[in-house]
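Take a look at the structure below.
On a predicted model such as this, the values are computed, not experimentally measured, just so you know.
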Amino acid sequence: MAYGQIPYQNMEIPSKYESQKVENHWYDYWMKHKYFHSIPNEKEPYSIVIPPPNVTGILHMGHMLNNTIQDVLIRRARLMGKNACWVPGMDHASIATEAKVVAKLKSEGIEKADLTREAFLKHAWDWTDEYGGVILEQLKKLGCSCDWDRTKFTLDDDMYASVIKVFVDLYNKGLIYRGYRMVNWDPEALTTLSDEEVVYEEKQGLLYYLAYKIEGSDETVTIATTRPETILGDTAICINPNDERYRHLRGKKAIVPICNRAIPIIEDAYVDVEFGTGCLKVTPAHDINDKALGEKHQLEVIDIFNADATLNSYGLQYEGQDRFAVRKAISKELKAKGFLVKTEQHLNKVGTSERTKAVIEPRLSDQWFLKMEDLVKPAIAAVLETEEVKFFPKKFENTYRHWMENIRDWNISRQLWWGQQIPAYYFGDGQNDFVVAASKEEALAAAKEKSQNANLTFEDLRQDEDVLDTWFSSWLWPISVFGGIMEPDNEEVNYYYPTNDLVTGPDIIFFWVARMIISGYEFREKRPFENVYFTGLVRDKQRRKMSKQLGNSPDALKLIEQYGADGVRVGLLLSAAAGNDLMFDEDLCQQGKNFANKIWNAFRLVKGWEVADLQQPEAAQLGIEWYRSKFNQALAEIEDHFSKYRISDALMAIYKLVWDDFCSWLLEIVKPAYQQPIDKRTLEAIVQLFEENLKLLHPFMPFLSEEVWQHMNKRTPEQALIVSQWPVMGEVNADLIAGFDFADGVITGIRTIRKEKQIAMKDAISLSVLNEEKAATTWDTVIGKLTNVSEIAYVDAPIDGALSFRVKSNEYFIPISGTIDVAAELEKIQEELTYTKGFLQSVEKKLSNERFVQNAPEKVIALERKKQADAEAKIETLEKSLASLS
RNA sequence: GGGUCAUUAGCUCAGUUGGUUUAGAGCGCUGCCUUGACAGGGCAGAGGUCAUUGGUUCGAAUCCAAUAUGACCCA
């Protein structure tokens, strides 16, 4: 059925696009027809794995941006005929989730310490089942076309098994080892953290100068420390061997205040003679540098803290008190007893836990480590040498290089219960009385062999209590979601892996991106993805990070309700140049919503036209041809933007194409007079072009575009927009585009005069042209239609008593009734003349420079000559007008 | 302390390996315009000596150096 046979249907279509009414409908429709679902087939695959959000998380602006970009890429790939697969999922986020569960239990009066591991995990799973996955439901509201049948959780049985398999494998390769090391201890979460999870903050503190007595004399030696509570763990005083001031103390012993232990005075060049007194107390259990000194000089190690950073029995009367309370108390005692010489203000960097914000305590303990030195090699080469993995924007390669080249072994154990339990089984008390195996059965067999004790039973095996770092499961994500760890040769992983694009934030470049690249090469000898698109951080208008504490993060679902998912998507993307932080401003969502409404109303216009058996007007035919060229030109630009992951530029190109070129120009050119019908050819062409526009819009505004598409014509499920074809590039007629641009100048000139002289649009005017440019008359009908010019006369001399304007060297005259203000006209022309002369001068200056003419490429010189000729022609026109006016 | 990146219109940003009319966009701003698809709209307009100072070049927003300011990363 043709459009025009439904007369004035726009009366029945609301004049405002109502997103709330259509979004759920189309999402359900897409789901029902399984357009998001992907299975391997003969088509080219295009896959993305979602950066799995924390199971505890709720949708915030960062997720919105990130997932909108992924959806744009996936929907475009789908339109391009690829087998698009976007795998969604969630991360168990061990510290964050465990902390939340512990807090919840506490509020119910239950202490984690009173629960068995099994009981605690039951609570955690209950919690996950109840609150987990909210975020995935929210992504649906945003329009994300994930293959929900593939939803994965990092603690699913198969994902769990993958992690264990990888651990065993790396252990057997000798890359995982157990070590007694100084680690970052979070005394609140009671677990270690990797270096990356420690956030350094500058804090104003005190530098305490403490006097230690020298054994067997009345002399004292003064040291400076920021942590007086740790003196109880001191096992040496260290001086620089080149420091004359302390030379006489060689070989002597100092007495630690309060606990009165005698400790040796050692010498090491490590000591900075400039800092403090040039004399250092050494506490190997509580400082990484002191630990190194302690090992070098074989010092005793005295750990004075409990796991929660309260003091233990070495703390004497302070036992059981928190380290910061002790710091105050002990400095008081030291002062009272005369050991405290003085204090100074001191700014130092304090490590804090990313998750709990607790001040990190360096702590010696047994942990599991992954050797990184060799593992990183292929991953470095892939990004920095072969470019098998490309970063957008490229600048993040520097960050990547810096970290990878200075990488340290990865502490992968966490003293938590929520996660994959480390598959190490102890069968005795010796340092090496353990085996690593994927199951208890295998462990028993291995233990029997290792211990040479065939009588071992399951009872004798004790599995390591710790779990693995969450990132030790997410680094396998692109492989494990396709079952590629457990069944390395399965059809799915062979088809979808390597994935194509990864979209994530630069804040997890080390945590996640780098490690996925490492694991990709280690376990599949292939990159995990080809391109990594780093989004910026979402900030508020004042450039502050969005955070719960500041309360500056808008409610994502409310935004969608208010502006429509499409509006929010457009709003986010418009300001999201890759890698730049984006200042989120709700006004941009409003802009997105307005755009949706604009398209909606263009649709109403077209839908409302009645068709009649008419000749196609010349202007309409020309306009349509011009738009075809313009569309292809824009398409080329859009493809180029996509190839560089310039998503917001691609959107802006479409925005301008649709709003300016299609709506403001083309529709105005073809629009019949009020209540007049349109000819069939024009209508069909416009509908077809509109549909092409919708295809371009679909990745960005899936709901609106599908809605309009489905209203435009009756469609079968196979003809839905989401599975239609991305436009194919056609020819660009440069002459048409140039001709239009010139006409644009003429039209603007006429409109300006109408405006200045308050000549209403409904009053027809006539136009005379002094055609110095020999411009084609092709566009006259278009000019006439858009400016209500009744006739265009070509003349060979300036018209007296008319208003004038110029485009290039052409001059246009509009006769008006009444007298014209000659002085004003003269002034206007004089102004243009001054500008053009100035311009000509700058061009001539260049051309008269011999070295320019000799050295510049011919193309550039030709261009300059053209500029010169154009300017000269224009000046001639202007001077002629000046003469005729005065 | 070490490193990376940035500084272009009121705001947010483009400017593709130095030359495409004496710098572009979107938003905002100013003025005019409503029975006509859309006031969530139309049309027109104003607004920048490209952070500063030197240098390289026939030619610099673009390359180099220094300075200033800011952001991020690492220890």
Side-chain angles (χ1 to χ4, degrees), chain A residues 10-11 13 15-17 195-196 198 200 288 349 351 393 395-403 406 506-507 509-510 536-537 539 541 543 563 567 571 574-577 579-585 587-588 590-609 640-641 644 646 648-649 651-653 655-656 659 663-664 667-668 671-676 747-749 751-756 758 760-762 786-787 808 835-836 838-843 845-857 859-864 866-868 870-871 874:
Chain A
N10 60 335
M11 303 312 282
I13 306 174
S15 73
K16 293 188 171 159
Y17 171 64
D195 294 334
E196 289 71 31
V198 178
Y200 288 89
I288 183 82
K349 296 271 176 82
K395 65 178 179 185
F396 289 113
E397 288 178 6
N398 287 326
T399 317
Y400 180 82
R401 166 183 284 121
H402 190 257
W403 189 70
N406 295 286
D507 50 333
I509 190 166
F510 311 135
L537 294 173
R539 296 169 178 275
K541 269 177 106 170
R543 283 192 185 270
Y563 300 102
L574 278 177
S575 62
N580 283 348
D581 286 359
L582 80 99
M583 264 51 70
F584 180 73
D585 183 349
D587 290 352
L588 289 166
Q590 185 63 47
Q591 193 184 343
K593 185 179 178 180
N594 292 354
F595 185 39
N597 196 53
K598 182 74 187 177
I599 297 162
W600 181 249
N601 277 291
F603 162 68
R604 286 177 68 225
L605 173 69
V606 173
K607 187 87 177 164
W609 283 333
D640 184 54
H641 288 318
K644 293 168 182 156
R646 302 177 65 134
S648 58
D649 289 336
L651 172 58
M652 186 45 75
Y655 182 89
K656 286 194 276 196
W659 198 311
C663 294
S664 295
L667 291 182
E668 292 302 327
K671 193 191 222 173
Y674 185 53
Q675 293 197 322
Q676 293 300 305
I747 290 164
T748 301
R751 281 172 176 167
T752 307
I753 286 185
R754 274 190 179 278
K755 202 135 283 182
E756 278 170 0
Q758 309 238 323
M761 187 56 189
K762 61 176 196 251
L786 293 181
T787 56
K808 290 199 169 175
Y835 174 88
T836 313
F839 174 68
L840 178 63
Q841 222 171 19
S842 77
V843 175
K845 199 177 141 197
K846 260 191 211 173
L847 285 170
S848 63
N849 182 337
E850 268 180 47
R851 288 198 286 182
F852 171 73
V853 181
Q854 277 167 15
N855 294 316
K859 205 177 82 186
V860 174
I861 295 171
L863 194 78
E864 291 300 317
K866 172 91 168 58
K867 284 189 206 169
Q868 185 186 31
D870 285 354
K874 176 138 200 176

Whole-Å [atom1] distance, [N] and [M]:
N      : M      : atom1 : answer
B/rG19 : B/rU62 : P     : 11 Å
B/rU53 : B/rA61 : P     : 13 Å
B/rG18 : B/rA60 : C1'   : 6 Å
B/rG40 : B/rC27 : P     : 15 Å

Kindly point out which of [options] is positioned nearest to the side chain of [X]?
X        : options                : value
A/Phe839 : B/rU21, B/rC58, B/rU35 : B/rU21
A/Lys867 : B/rU20, B/rC74, B/rA14 : B/rU20
A/Ala856 : B/rC74, B/rA44, B/rG19 : B/rG19
A/Met652 : B/rA44, B/rG26, B/rU21 : B/rG26
A/Ser15  : B/rC38, B/rU35, B/rC73 : B/rC38
A/Tyr674 : B/rG19, B/rG36, B/rU20 : B/rG36
A/Phe852 : B/rA14, B/rC58, B/rG41 : B/rC58
A/His402 : B/rA37, B/rG41, B/rC74 : B/rC74
A/Asn849 : B/rU21, B/rC38, B/rC58 : B/rC58
A/Ser664 : B/rG42, B/rA14, B/rA44 : B/rG42

Whom does B/rC50 pair with, Watson-Crick or G-U wobble, provided both distances fall under 3.5 Å?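 No nucleotide pairs with B/rC50.
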Mind checking who B/rA60 pairs with, Watson-Crick or G-U wobble, both distances under 3.5 Å? none
According to a strict under-4.0 Å criterion, is [X] in side-chain N/O contact with OP1 or OP2 of [N]?
X        : N      : result
A/Trp600 : B/rG41 : no
A/Arg646 : B/rG15 : yes
A/Lys598 : B/rG42 : yes
A/Lys644 : B/rU16 : no
A/Tyr655 : B/rC27 : yes
A/Thr748 : B/rA44 : yes
A/Asn398 : B/rG3  : no

With a 3.5 Å distance limit and no angle check, can you tell me whether A/Asp581 reaches the backbone of A/Leu537 through a side-chain donor-acceptor pair? yes
Indicate yes or no for a side-chain donor-acceptor contact from A/Ser15 to the backbone of A/Asn601 under 3.5 Å, with no hydrogens or angles considered.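 No, because the side chain of A/Ser15 does not come within donor-acceptor range (under 3.5 Å) of the backbone of A/Asn601.
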Contact class for [X] (heavy atom, under 4.0 Å): base, sugar-phosphate, or nothing?
X        : answer
A/Glu668 : base
A/Lys874 : nothing
A/Lys671 : base
A/Thr752 : sugar-phosphate
A/Lys656 : sugar-phosphate

Should the side chain of A/Lys755 and the base of B/rC43 be counted as holding a donor-acceptor pair, with the cut-off at 3.5 Å? yes
Report yes or no: do A/Gln591 and A/Tyr655 form a side-chain donor-acceptor pair below 3.5 Å?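 The answer is yes; a qualifying pair exists.
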Residue of the set A/Tyr563, A/Trp600, A/Phe603 for which ring-ring contact (aromatic ring centres under 6.0 Å, His included) holds with A/Tyr17: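 The passing option is A/Trp600.
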Closer to the 5' end of RNA chain B via nearest nucleotide, is it A/Asp587 or A/Ala602? A/Asp587
Which comes earlier along RNA chain B counting from the 5' end, the contact point of A/Thr836 or that of A/Gln591, where each point is its nearest nucleotide?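 Mapping each residue to its closest nucleotide by heavy atoms, the 5'-most match is A/Thr836.
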When you check the gap from the basic side-chain N to the acidic O, do A/Lys866 and A/Asp870 get nearer than 4.0 Å?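 Between A/Asp870 and A/Lys866 there is a salt bridge, with a charged N closer than 4.0 Å to a carboxylate O.
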Tell me, yes or no, whether the heavy-atom count around A/Gln841 atom CD, taken from other residues, nucleotides or ligands under 6.0 Å, exceeds 12. no
